A.B. asks: 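Sending over a structure as structure tokens; questions will come in a sec.
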Amino acid sequence: MASEDAYTAEPFVPSRGGLPALRKAAADCRGCPLHRDATQTVFGTGNPHARVMLIGEQPGDQEDRQGEPFVGPAGKLLDRALEEAGLNPADAYVTNAVKHFKFTRADPHKRRIHKSPTRREATACAPWLAAELALVEPEIVVVLGATAGKALLGSSFRVTRVRGTVLEEEIHGRPERLVPTVHPSAVLRADDREAAYRGLVADLKVAAQALG
Ligand code: URA
Ligand code: SF4
């Protein structure tokens with residue numbers, strides 16, 4: 001790689017073959033340095049014709065081990081919130097802005113601690129997300145937290161300002177309707193977990209209503 005500015009998944013993204021080809025190719029992505037320490041690529045999964053696409057930040061520890069997005073504690077909470085909002089998790093397509101787990105360790109034997117991806121890493125990974133959006137063609141994109149929001153809508157994105165509203169924006173050259181909300185991990189960390197959870201469900205209901 002010539003320089004750090006050259007981080008991009010672009011050359012790894014196949015132009016044909018649909019989601020199965022994307023998933024297969026993403027397993028070998030070397031578009032940024034995050035593949036080096038992670039166990040595996042965690043690509044999007046779910047209904048290839050989903051009306052709702054959910055976009056998180058990056059895989060966590062469990063997702064990195066299992067190779068599927070949102071299978072850990074945040075995913076369990078998200079599934080519960082979706083059901084409560086009247087959305088069937090099994091009908092959705094779920095993915096992340098960044099496809100490899102980024103972490104630090106206090107020492108080699110300690111557990112892995114989540115580290116937020118940089119803007120450069122999210123930008124490098126964006127071609128995968130763009131390809132997923134183009135193939136699934138969701139009617140509503142649920143944006144889970146600041147990393148996904150900034151990756152899709154730019155660095156001025158503020159989740160507190162736009163959560164629970166339907167935004168209409170051009171994303172990777174396509175008109176999309178997006179409903180931002182908090183990240184389910186933020187609900188798990190909140191002082192008032194119940195209030196934070198209610199807020200997440202309320203935002204997801206906006207997405208459910210927007211589907212009609
Ligand atoms: N958090 C995310 O943003 N994505 C996952 O897949 C799991 C936890
Ligand atoms: Fe490729 Fe994204 Fe993984 Fe970086 S994080 S290596 S761009 S799949």
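Atoms within each ligand, like the ligands themselves, are counted from 1 in listed order. All values derive from a computational prediction rather than experimental measurement.
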A.B. asks: At less than 4.0 angstrom from any non-hydrogen atom of G56, what atoms of ligand 1 do you find?
C.D. replies: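 Once the distances to G56 are compared, the set is 3 (O).
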
A.B. asks: Look at the side chain of E83 and the backbone N and O of R80, then say whether any donor-acceptor pair between them is shorter than 3.5 Å.
C.D. replies: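 No, because the side chain of E83 does not come within donor-acceptor range (under 3.5 Å) of the backbone of R80.
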
A.B. asks: Using modelled atom types and a 3.5 Å cut-off, is there a donor and acceptor pairing between side-chain atoms of Q40 and backbone atoms of R65?
C.D. replies: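 Present.
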
A.B. asks: Taking the non-hydrogen atoms of H183, is any one of them nearer than 4.0 angstrom to ligand 1?
C.D. replies: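 Judged by the 4.0 Å heavy-atom criterion, H183 does count as contacting ligand 1.
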
A.B. asks: Atom 4 (N) of ligand 1: which protein heavy atom is closest, and how many Å away?
C.D. replies: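 Answer, as residue, atom name and distance: N96 OD1, 2.7 Å.
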
A.B. asks: Consider side-chain hydrogen bond (donor to acceptor under 3.5 Å, both in side chains). Of R112, Q66, H114, which one does D61 pass it with?
C.D. replies: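 Single pass found, and it is R112.
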
A.B. asks: Give yes if a backbone or side-chain nitrogen or oxygen of S185 is under 3.5 Å from a nitrogen or oxygen of ligand 1, and no if not.
C.D. replies: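 For ligand 1, there is no N or O atom that lies under 3.5 Å from one belonging to S185.
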
A.B. asks: For the NE2 atom on H49, are there more than 12 heavy atoms of other groups (residues, nucleotides or ligands in this structure) within a distance under 6.0 Å?
C.D. replies: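 Count not over threshold, so no.
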
A.B. asks: Any side-chain to backbone donor/acceptor pair from E121 onto V98? Under 3.5 Å, distance only.
C.D. replies: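 No, the answer is negative, given that no donor and acceptor are paired below the 3.5 Å cut-off.
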
A.B. asks: List the protein residues in contact with ligand 2, where contact means a heavy-atom separation under 4.0 angstrom.
C.D. replies: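 Contacts of ligand 2 under 4.0 Å: A9, C29, G31, C32, H35, V98, K99, H100, A124, C125, W128.
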
A.B. asks: Could you tell me whether E57 approaches ligand 1 through its side chain, its backbone, both or neither, with non-hydrogen atoms closer than 4.0 Å?
C.D. replies: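 For E57, backbone and side-chain atoms both sit under 4.0 Å from ligand 1.
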
A.B. asks: Taking N47 for its side chain and Y93 for its backbone only, find out whether a donor-acceptor pair lies under 3.5 Å.
C.D. replies: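 Not a single qualifying donor-acceptor pair exists.
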
A.B. asks: Just wondering, are more than 12 heavy atoms of other shown residues or ligands nearer than 6.0 Å to CG in D191?
C.D. replies: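 Check fails, neighbour count at 12 or below.
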
A.B. asks: Should the proximity of Q58 to ligand 1, defined as any heavy atom under 4.0 Å, be assigned to the side chain, the backbone, both, or neither?
C.D. replies: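 The backbone, only.
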
A.B. asks: Does R198 come within less than 4.0 Å of E84, counting only side-chain N to carboxylate O?
C.D. replies: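 So R198 pairs with E84 through a salt bridge.
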
A.B. asks: Counting both backbone and side chain atoms, is some N or O of P59 under 3.5 Å from an N or O of ligand 1?
C.D. replies: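 In this structure, P59 places no N or O atom under 3.5 Å from an N or O of ligand 1.
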
A.B. asks: Identify, by atom number and element, the atoms of ligand 1 in contact range of P69, meaning under 4.0 Å from any of its heavy atoms.
C.D. replies: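 Taking each heavy atom of P69 in turn, ligand 1 has 6 (O) under 4.0 Å.
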
